[in-house]
Amino acid sequence: MAALFSDVVVAWYRQFGRKDLPWQQNPTAYRVWVSEIMLQQTQVATVIDYYQRFMQVFPDVQKLAGATSDEVLSLWSGLGYYARARNLHKTAQQVVADHGGEFPDNVADLETLPGIGRSTAGAITSFAYKKPAVILDGNVKRVLARVHAIKSWTGETQTLKQLWEIAEEETPQQNIAAYNQAMMDLGAMICTRSRPSCEACPLTNHCQAFKQNLQNDLPLAKPKKTLPEREGRMLVLLQDDTILLHKRPSPGIWGGLWCFPEYDAALLQQFNIAQQQVGEVSSHTFSHYRWHIRPEYIWVKNKLPRLNQDFIWYNPDKPNNIGLAAIVKHWLVAQHEEIK
DNA sequence: TAGACGTGGAG
DNA sequence: TCTCCAAGTCT
(Lines give C-alpha, C1' and ligand atoms only; values in the text may rest on other atoms or scores of the structure.)
Protein backbone atom coordinates (compact mmCIF):
# COMPACT_ATOMS: atom_id res chain seq x y z
CA MET A 1 0.00 0.00 0.00
CA ALA A 2 1.33 3.39 -0.94
CA ALA A 3 2.40 5.73 1.85
CA LEU A 4 0.13 8.66 2.65
CA PHE A 5 1.00 11.72 0.55
CA SER A 6 1.39 14.07 3.52
CA ASP A 7 3.53 11.57 5.43
CA VAL A 8 5.96 11.35 2.53
CA VAL A 9 6.08 15.13 2.28
CA VAL A 10 6.71 15.60 6.01
CA ALA A 11 9.35 12.86 6.10
CA TRP A 12 11.17 14.55 3.23
CA TYR A 13 11.04 17.85 5.10
CA ARG A 14 12.63 16.39 8.22
CA GLN A 15 15.62 15.32 6.17
CA PHE A 16 15.96 17.95 3.43
CA GLY A 17 13.71 20.93 4.12
CA ARG A 18 14.80 24.48 4.94
CA LYS A 19 14.94 25.23 8.64
CA ASP A 20 17.35 28.16 8.81
CA LEU A 21 15.47 30.96 7.09
CA PRO A 22 15.39 34.12 9.23
CA TRP A 23 11.61 34.07 9.69
CA GLN A 24 11.71 30.44 10.82
CA GLN A 25 13.60 31.48 13.93
CA ASN A 26 11.20 32.55 16.68
CA PRO A 27 8.21 32.34 14.30
CA THR A 28 5.79 34.70 16.00
CA ALA A 29 2.71 35.80 14.08
CA TYR A 30 4.30 39.21 13.53
CA ARG A 31 7.54 37.81 12.13
CA VAL A 32 5.77 35.23 9.96
CA TRP A 33 3.33 37.86 8.69
CA VAL A 34 6.06 40.30 7.63
CA SER A 35 7.95 37.52 5.85
CA GLU A 36 4.85 36.25 4.06
CA ILE A 37 3.99 39.71 2.75
CA MET A 38 7.55 40.29 1.57
CA LEU A 39 7.61 36.89 -0.09
CA GLN A 40 4.51 37.52 -2.20
CA GLN A 41 5.68 37.34 -5.81
CA THR A 42 9.24 37.75 -4.58
CA GLN A 43 12.01 35.20 -4.27
CA VAL A 44 13.52 34.15 -0.96
CA ALA A 45 17.04 35.30 -1.89
CA THR A 46 15.77 38.80 -2.58
CA VAL A 47 13.74 39.02 0.61
CA ILE A 48 16.33 38.00 3.22
CA ASP A 49 18.22 41.32 3.43
CA TYR A 50 15.04 43.38 3.37
CA TYR A 51 13.58 41.23 6.11
CA GLN A 52 16.62 41.61 8.38
CA ARG A 53 16.68 45.38 7.96
CA PHE A 54 12.93 45.62 8.54
CA MET A 55 13.07 43.57 11.74
CA GLN A 56 15.99 45.63 13.01
CA VAL A 57 13.90 48.81 12.77
CA PHE A 58 10.47 47.35 13.50
CA PRO A 59 10.96 44.43 15.91
CA ASP A 60 7.28 44.34 16.87
CA VAL A 61 3.86 45.35 15.60
CA GLN A 62 3.64 48.36 17.94
CA LYS A 63 6.82 49.86 16.50
CA LEU A 64 5.51 49.36 12.99
CA ALA A 65 2.12 50.81 13.80
CA GLY A 66 3.75 53.91 15.24
CA ALA A 67 5.99 54.55 12.24
CA THR A 68 5.41 57.06 9.45
CA SER A 69 4.58 55.74 6.01
CA ASP A 70 7.86 57.18 4.73
CA GLU A 71 9.79 55.13 7.27
CA VAL A 72 7.97 51.98 6.21
CA LEU A 73 8.31 52.66 2.48
CA SER A 74 12.00 53.49 2.78
CA LEU A 75 12.61 49.96 4.04
CA TRP A 76 10.51 48.58 1.17
CA SER A 77 12.23 50.67 -1.50
CA GLY A 78 13.47 48.31 -4.19
CA LEU A 79 11.25 45.37 -3.23
CA GLY A 80 8.38 46.33 -5.52
CA TYR A 81 4.61 45.96 -5.23
CA TYR A 82 4.43 48.84 -2.78
CA ALA A 83 0.76 48.31 -1.99
CA ARG A 84 2.14 45.49 0.16
CA ALA A 85 4.00 48.00 2.32
CA ARG A 86 1.05 50.37 2.52
CA ASN A 87 -1.22 47.51 3.56
CA LEU A 88 1.37 46.22 5.99
CA HIS A 89 1.35 49.55 7.76
CA LYS A 90 -2.46 49.66 7.82
CA THR A 91 -2.73 46.14 9.17
CA ALA A 92 -0.21 46.87 11.93
CA GLN A 93 -2.32 49.81 13.02
CA GLN A 94 -5.49 47.72 12.93
CA VAL A 95 -3.90 44.91 14.92
CA VAL A 96 -2.80 47.35 17.61
CA ALA A 97 -6.07 49.31 17.63
CA ASP A 98 -8.60 46.49 17.24
CA HIS A 99 -6.85 43.31 18.37
CA GLY A 100 -4.79 44.44 21.36
CA GLY A 101 -1.56 43.97 19.41
CA GLU A 102 -2.18 40.24 18.83
CA PHE A 103 -2.75 38.82 15.38
CA PRO A 104 -5.88 36.67 14.96
CA ASP A 105 -5.10 32.94 15.05
CA ASN A 106 -7.48 31.81 12.32
CA VAL A 107 -7.80 32.17 8.56
CA ALA A 108 -11.19 33.90 8.53
CA ASP A 109 -10.15 36.73 10.86
CA LEU A 110 -6.71 37.12 9.32
CA GLU A 111 -8.24 37.47 5.86
CA THR A 112 -10.12 40.58 6.95
CA LEU A 113 -6.81 42.45 7.35
CA PRO A 114 -5.42 44.48 4.42
CA GLY A 115 -2.94 42.57 2.28
CA ILE A 116 -3.69 39.18 3.83
CA GLY A 117 -5.39 36.81 1.41
CA ARG A 118 -6.33 33.18 1.79
CA SER A 119 -2.86 31.74 1.33
CA THR A 120 -1.05 34.23 3.54
CA ALA A 121 -3.70 33.71 6.22
CA GLY A 122 -3.07 29.97 5.99
CA ALA A 123 0.66 30.49 6.31
CA ILE A 124 0.36 32.64 9.43
CA THR A 125 -2.13 30.24 11.03
CA SER A 126 0.06 27.20 10.39
CA PHE A 127 3.56 28.60 10.90
CA ALA A 128 2.92 30.88 13.86
CA TYR A 129 0.02 29.16 15.59
CA LYS A 130 0.66 25.56 14.45
CA LYS A 131 -3.00 25.18 13.60
CA PRO A 132 -4.13 23.24 10.53
CA ALA A 133 -4.56 25.62 7.59
CA VAL A 134 -4.19 25.36 3.85
CA ILE A 135 -1.77 27.36 1.73
CA LEU A 136 -1.63 27.66 -2.03
CA ASP A 137 1.27 29.73 -3.23
CA GLY A 138 3.15 29.41 -6.50
CA ASN A 139 5.25 26.53 -5.21
CA VAL A 140 2.32 24.50 -3.97
CA LYS A 141 0.40 25.18 -7.17
CA ARG A 142 3.27 23.85 -9.25
CA VAL A 143 3.73 20.72 -7.12
CA LEU A 144 0.01 19.91 -7.09
CA ALA A 145 -0.43 20.69 -10.77
CA ARG A 146 2.26 18.12 -11.54
CA VAL A 147 1.21 15.52 -8.98
CA HIS A 148 -2.33 15.64 -10.36
CA ALA A 149 -1.31 16.30 -13.97
CA ILE A 150 -3.55 19.32 -14.25
CA LYS A 151 -3.65 20.30 -17.89
CA SER A 152 -4.93 23.84 -17.71
CA TRP A 153 -3.29 27.11 -16.72
CA THR A 154 -3.24 27.44 -12.92
CA GLY A 155 -4.43 31.05 -13.17
CA GLU A 156 -7.82 30.04 -14.52
CA THR A 157 -10.62 30.48 -12.03
CA GLN A 158 -11.81 26.91 -12.41
CA THR A 159 -8.30 25.49 -12.11
CA LEU A 160 -7.58 27.61 -9.08
CA LYS A 161 -10.73 26.30 -7.44
CA GLN A 162 -9.67 22.75 -8.22
CA LEU A 163 -6.19 23.36 -6.79
CA TRP A 164 -7.61 24.71 -3.54
CA GLU A 165 -9.79 21.61 -3.25
CA ILE A 166 -6.85 19.32 -3.82
CA ALA A 167 -4.74 21.34 -1.36
CA GLU A 168 -7.47 20.96 1.25
CA GLU A 169 -7.65 17.22 0.71
CA GLU A 170 -3.91 16.69 0.96
CA THR A 171 -3.22 19.00 3.92
CA PRO A 172 -2.91 16.96 7.14
CA GLN A 173 -4.19 17.80 10.63
CA GLN A 174 -0.84 16.92 12.18
CA ASN A 175 2.60 18.39 11.52
CA ILE A 176 0.99 21.26 9.71
CA ALA A 177 3.96 23.63 9.81
CA ALA A 178 6.33 20.96 8.50
CA TYR A 179 3.91 19.94 5.76
CA ASN A 180 3.25 23.46 4.50
CA GLN A 181 6.91 24.41 4.60
CA ALA A 182 7.77 21.15 2.86
CA MET A 183 5.39 21.83 -0.01
CA MET A 184 7.00 25.21 -0.59
CA ASP A 185 10.48 23.75 -0.27
CA LEU A 186 9.65 20.98 -2.74
CA GLY A 187 8.43 23.60 -5.18
CA ALA A 188 11.47 25.79 -4.68
CA MET A 189 14.16 23.10 -4.52
CA ILE A 190 12.94 20.01 -6.39
CA CYS A 191 9.78 20.63 -8.34
CA THR A 192 11.17 23.72 -10.03
CA ARG A 193 9.59 25.48 -12.99
CA SER A 194 12.25 24.33 -15.44
CA ARG A 195 14.20 21.10 -15.26
CA PRO A 196 12.57 19.64 -12.13
CA SER A 197 14.78 17.24 -10.17
CA CYS A 198 12.45 14.26 -10.32
CA GLU A 199 15.35 11.92 -9.50
CA ALA A 200 15.52 13.53 -6.06
CA CYS A 201 11.77 13.86 -5.55
CA PRO A 202 10.02 11.83 -2.84
CA LEU A 203 6.69 12.12 -4.67
CA THR A 204 7.34 10.33 -7.95
CA ASN A 205 5.15 7.45 -6.84
CA HIS A 206 2.31 9.92 -6.39
CA CYS A 207 3.06 12.09 -9.40
CA GLN A 208 0.82 11.75 -12.46
CA ALA A 209 2.98 14.15 -14.48
CA PHE A 210 6.04 11.98 -13.81
CA LYS A 211 4.17 8.81 -14.74
CA GLN A 212 3.02 10.39 -18.01
CA ASN A 213 6.42 12.01 -18.61
CA LEU A 214 4.75 15.42 -18.57
CA GLN A 215 6.90 16.96 -15.84
CA ASN A 216 8.51 19.35 -18.33
CA ASP A 217 5.18 20.42 -19.81
CA LEU A 218 3.25 21.04 -16.63
CA PRO A 219 2.10 23.31 -15.23
CA LEU A 220 0.95 25.00 -18.42
CA ALA A 221 2.48 28.41 -19.11
CA LYS A 222 0.39 31.51 -18.75
CA PRO A 223 -1.16 32.60 -22.06
CA LYS A 224 1.09 35.15 -23.73
CA LYS A 225 0.10 38.76 -24.23
CA THR A 226 2.08 41.52 -25.84
CA LEU A 227 2.97 44.25 -23.41
CA PRO A 228 1.57 47.71 -24.15
CA GLU A 229 4.28 50.33 -24.61
CA ARG A 230 4.08 53.77 -23.05
CA GLU A 231 6.27 56.79 -23.41
CA GLY A 232 6.85 59.55 -20.92
CA ARG A 233 9.14 62.31 -19.82
CA MET A 234 10.44 62.94 -16.34
CA LEU A 235 11.89 66.10 -14.95
CA VAL A 236 15.22 65.92 -13.20
CA LEU A 237 15.28 69.35 -11.62
CA LEU A 238 18.61 70.24 -10.04
CA GLN A 239 19.24 73.14 -7.72
CA ASP A 240 22.57 73.34 -5.89
CA ASP A 241 23.01 69.86 -4.42
CA THR A 242 19.36 68.97 -4.41
CA ILE A 243 16.90 67.24 -6.73
CA LEU A 244 13.18 67.83 -6.88
CA LEU A 245 11.14 64.73 -6.03
CA HIS A 246 7.41 64.18 -6.17
CA LYS A 247 5.38 61.86 -3.98
CA ARG A 248 3.43 59.64 -6.35
CA PRO A 249 -0.28 59.14 -5.77
CA SER A 250 -1.61 55.85 -4.54
CA PRO A 251 -2.99 53.68 -5.77
CA GLY A 252 -0.88 53.70 -8.90
CA ILE A 253 2.60 52.74 -9.97
CA TRP A 254 5.15 53.54 -7.24
CA GLY A 255 2.26 54.86 -5.13
CA GLY A 256 3.51 56.66 -2.03
CA LEU A 257 7.10 56.64 -3.24
CA TRP A 258 9.19 59.64 -4.13
CA CYS A 259 10.15 59.95 -7.77
CA PHE A 260 11.15 62.51 -10.38
CA PRO A 261 8.06 64.50 -11.38
CA GLU A 262 6.57 63.54 -14.71
CA TYR A 263 6.80 66.30 -17.30
CA ASP A 264 4.62 69.23 -16.26
CA ALA A 265 4.72 72.52 -18.13
CA ALA A 266 2.89 74.38 -15.36
CA LEU A 267 5.44 73.20 -12.82
CA LEU A 268 8.34 74.22 -15.07
CA GLN A 269 6.93 77.69 -15.52
CA GLN A 270 7.57 78.44 -11.90
CA PHE A 271 11.31 78.09 -12.30
CA ASN A 272 14.08 80.23 -13.52
CA ILE A 273 15.92 77.84 -15.78
CA ALA A 274 19.69 78.11 -16.08
CA GLN A 275 20.33 75.20 -18.40
CA GLN A 276 18.55 72.18 -19.73
CA GLN A 277 19.45 69.00 -21.49
CA VAL A 278 17.56 66.00 -22.79
CA GLY A 279 18.83 62.63 -21.55
CA GLU A 280 18.80 59.10 -22.90
CA VAL A 281 15.60 57.09 -22.81
CA SER A 282 15.53 54.30 -20.26
CA SER A 283 12.96 51.53 -20.48
CA HIS A 284 11.23 49.95 -17.51
CA THR A 285 9.29 46.77 -17.85
CA PHE A 286 6.44 46.10 -15.47
CA SER A 287 4.17 43.11 -15.43
CA HIS A 288 1.50 44.96 -17.41
CA TYR A 289 3.33 47.50 -19.63
CA ARG A 290 6.68 48.80 -20.76
CA TRP A 291 7.48 52.42 -20.02
CA HIS A 292 10.03 54.33 -22.04
CA ILE A 293 11.08 57.31 -20.01
CA ARG A 294 13.13 60.23 -21.28
CA PRO A 295 14.69 62.35 -18.55
CA GLU A 296 15.01 66.09 -18.99
CA TYR A 297 17.78 67.54 -16.89
CA ILE A 298 17.03 71.06 -15.84
CA TRP A 299 19.27 73.21 -13.70
CA VAL A 300 17.28 75.91 -11.99
CA LYS A 301 18.36 79.09 -10.22
CA ASN A 302 15.49 79.38 -7.81
CA LYS A 303 14.17 76.96 -5.26
CA LEU A 304 11.12 78.93 -4.56
CA PRO A 305 7.65 78.17 -5.71
CA ARG A 306 5.02 77.21 -3.29
CA LEU A 307 5.58 73.54 -3.65
CA ASN A 308 2.99 71.60 -1.76
CA GLN A 309 3.67 68.70 0.56
CA ASP A 310 3.98 66.32 -2.35
CA PHE A 311 7.27 67.88 -3.43
CA ILE A 312 10.65 67.95 -1.71
CA TRP A 313 14.12 69.07 -2.56
CA TYR A 314 16.13 65.96 -1.87
CA ASN A 315 19.79 66.04 -0.98
CA PRO A 316 21.40 62.70 -1.90
CA ASP A 317 24.32 63.44 0.41
CA LYS A 318 21.97 63.65 3.36
CA PRO A 319 19.74 60.63 2.82
CA ASN A 320 16.38 60.92 4.44
CA ASN A 321 14.24 58.00 5.47
CA ILE A 322 11.89 58.31 2.55
CA GLY A 323 10.80 55.64 0.10
CA LEU A 324 12.53 56.21 -3.22
CA ALA A 325 11.36 54.55 -6.41
CA ALA A 326 14.06 52.21 -7.74
CA ILE A 327 14.48 54.41 -10.81
CA VAL A 328 15.60 57.28 -8.54
CA LYS A 329 17.99 55.10 -6.56
CA HIS A 330 19.58 53.85 -9.74
CA TRP A 331 19.91 57.32 -11.13
CA LEU A 332 21.57 58.55 -7.94
CA VAL A 333 24.03 55.67 -8.00
CA ALA A 334 24.85 56.35 -11.67
CA GLN A 335 25.41 60.04 -10.90
CA HIS A 336 27.68 59.17 -8.04
CA GLU A 337 29.76 56.92 -10.31
CA GLU A 338 29.98 59.70 -12.86
CA ILE A 339 31.26 62.22 -10.34
CA LYS A 340 34.00 59.83 -9.26
C1' DT B 1 -13.20 39.16 -13.27
C1' DA B 2 -9.38 40.39 -15.60
C1' DG B 3 -6.17 43.91 -14.93
C1' DA B 4 -3.16 46.58 -11.73
C1' DC B 5 0.69 46.24 -9.19
C1' DG B 6 7.83 46.01 -9.31
C1' DT B 7 11.99 44.17 -9.46
C1' DG B 8 15.65 41.16 -10.42
C1' DG B 9 17.30 36.44 -11.33
C1' DA B 10 17.35 32.52 -14.41
C1' DG B 11 17.71 30.40 -18.76
C1' DT C 1 19.34 40.97 -25.21
C1' DC C 2 15.03 39.09 -24.28
C1' DT C 3 11.35 36.44 -22.18
C1' DC C 4 9.45 34.49 -18.30
C1' DC C 5 7.82 34.85 -13.86
C1' DA C 6 8.57 34.35 -8.40
C1' DA C 7 6.02 32.37 -0.92
C1' DG C 8 -0.59 36.92 -4.17
C1' DT C 9 -4.00 40.42 -3.19
C1' DC C 10 -7.10 43.93 -4.36
C1' DT C 11 -10.61 46.06 -7.12
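Below, all heavy atoms of this structure are taken into account, side chains as well, without hydrogens, waters or symmetry copies. To find a chain, count down the sequence lines: A is the first, B the second, and so on, and within it residues start at 1.
Positionally, the nearest nucleotide of DNA chain C for Val44(A) lies more toward the 5' end than for the other of Val44(A) and Glu111(A). When each of Pro114(A) and Gln43(A) is assigned the nucleotide of DNA chain C bearing its nearest heavy atom, the one mapping closer to the 5' terminus is Gln43(A).
Between Trp76(A) and Phe54(A), the ring planes are perpendicular. Angles over 60° get that label, and only those under 30° would be called parallel. Using a 30° and 60° split on the angle between ring planes, Trp299(A) and Tyr297(A) fall in the tilted class, from 30° to 60°. Aromatic ring orientation, Phe286(A) versus Trp291(A): tilted (interplanar angle from 30° to 60°).
Interface residues of residues 182-200 of chain A facing DNA chain C, ordered by number: Met184(A), Arg193(A); criterion, heavy-atom separation under 4.0 Å. Within a heavy-atom distance below 4.0 Å of DNA chain C, no residue of residues 156-169 of chain A is found. The stretch residues 133-146 of chain A has no heavy atom under 4.0 angstrom from DNA chain B at all. Taking every heavy atom of residues 9-17 of chain A and every atom of DNA chain C, no pair lies under 4.0 Å.
In this structure, Ala123(A) reaches neither bases nor backbone, as no heavy-atom distance under 4.0 Å exists between it and the strands shown. Residue contacts shown for Val47(A) are absent, as no nucleic acid heavy atom lies under 4.0 Å away. Among the protein residues, Trp23(A) comes within range of the nucleic acid bases, having at least one heavy atom under 4.0 Å from a base atom.
We find that CZ of Arg118(A) is positioned 14 Å from P of dC10(C), with the value rounded to whole Å. The nearest whole Å value for the distance from the NE2 atom in His292(A) to the P atom in dC2(C) is 11 Å. Straight-line distance from the NZ atom of Lys225(A) to the C1' atom of dT3(C): 17 Å, rounded to whole Å.
Taking atom P in both dT9(C) and dG9(B), one finds a spacing of 24 Å when rounded to whole Å. Taking atom P on both dA7(C) and dA4(B), the two are 23 Å apart, rounded to the nearest angstrom.
Counted by atom type alone, Asn139(A) and Arg142(A) present one or more donor-acceptor pairs between their side chains at under 3.5 Å. Side-chain N/O atoms of Asp185(A) and Gln181(A) include a donor and acceptor closer than 3.5 Å. A donor-acceptor pair shorter than 3.5 Å can be found between the side chains of Asn180(A) and Ser126(A).
Within 6.0 Å of NZ in Lys222(A) there are 12 or fewer heavy atoms belonging to other residues, nucleotides or ligands. The local environment of CD in Gln25(A) is crowded, with over 12 non-hydrogen atoms from other residues, nucleotides or ligands closer than 6.0 Å. Within a 6.0 Å sphere centred on NZ of Lys63(A), other residues, nucleotides and ligands contribute 12 heavy atoms or fewer.
A distance of 6.0 Å or more separates the ring centres of Tyr314(A) and Trp258(A). Checked against the 6.0 Å centroid threshold, Trp331(A) and Phe260(A) count as a close aromatic pair.
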Side-chain donor-acceptor contacts of residues 144-155 of chain A below 3.5 Å, not counting sequence neighbours, with atom names and distances?
| unit_1 | atom_1 | unit_2 | atom_2 | d |
| --- | --- | --- | --- | --- |
| Arg146(A) | NE | Gln215(A) | O | 2.9 |
| Arg146(A) | NE | Leu218(A) | O | 2.8 |
| Arg146(A) | NH1 | Cys191(A) | O | 3.3 |
| Arg146(A) | NH1 | Thr192(A) | O | 2.8 |
| Arg146(A) | NH2 | Thr192(A) | O | 3.1 |
| Arg146(A) | NH2 | Arg193(A) | O | 3.1 |
| Arg146(A) | NH2 | Gln215(A) | O | 3.2 |
| Arg146(A) | NH2 | Leu218(A) | O | 3.2 |
| His148(A) | NE2 | Glu170(A) | OE2 | 3.3 |
| Lys151(A) | NZ | Gln212(A) | OE1 | 3.0 |
| Ser152(A) | OG | Thr159(A) | OG1 | 2.7 |

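Looking only at distances, no side-chain donor or acceptor of Glu36(A) sits under 3.5 Å from a matching main-chain atom of Gly122(A).
In this structure, Lys224(A) reaches the dC4(C) phosphate: one of its side-chain N or O atoms is under 4.0 Å from OP1 or OP2.
A salt bridge does not link Glu71(A) to Arg53(A): none of the charged side-chain nitrogens sits closer than 4.0 Å to a carboxylate oxygen.
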Pairs under 3.5 angstrom, nitrogen or oxygen only, protein versus nucleotides 4-7 of chain B, please.
| unit_1 | atom_1 | unit_2 | atom_2 | d |
| --- | --- | --- | --- | --- |
| dC5(B) | OP2 | His288(A) | NE2 | 3.1 |
| dG6(B) | OP1 | Tyr81(A) | N | 3.3 |
| dG6(B) | OP1 | Tyr82(A) | N | 2.6 |
| dG6(B) | OP2 | Trp254(A) | N | 2.6 |
| dG6(B) | O4' | Tyr81(A) | N | 3.0 |
| dG6(B) | O3' | Trp254(A) | NE1 | 3.4 |
| dG6(B) | N7 | Tyr81(A) | OH | 3.4 |
| dG6(B) | O6 | Tyr81(A) | OH | 3.0 |
| dG6(B) | N1 | Gln41(A) | O | 3.2 |
| dG6(B) | N2 | Gln41(A) | O | 3.2 |
| dG6(B) | N2 | Thr42(A) | OG1 | 3.1 |
| dT7(B) | OP1 | Tyr82(A) | OH | 2.9 |
| dT7(B) | OP1 | Trp254(A) | NE1 | 3.4 |
| dT7(B) | OP1 | Ala326(A) | N | 3.3 |
| dT7(B) | OP2 | Trp254(A) | NE1 | 2.8 |

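Paired with Glu262(A) under the rule salt bridge (Lys or Arg N to Asp or Glu O under 4.0 Å), one option of Arg248(A), Arg294(A), Arg233(A) passes, and it is Arg248(A).
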Inset, instruction - Take Glu168(A) and Lys161(A) through the salt bridge (Lys or Arg N to Asp or Glu O under 4.0 Å) test and state the conclusion after the steps. - result: CA-CA 11 Å; Glu168(A) 282 170 359; Lys161(A) 185 167 179 285; over 6 Å; no

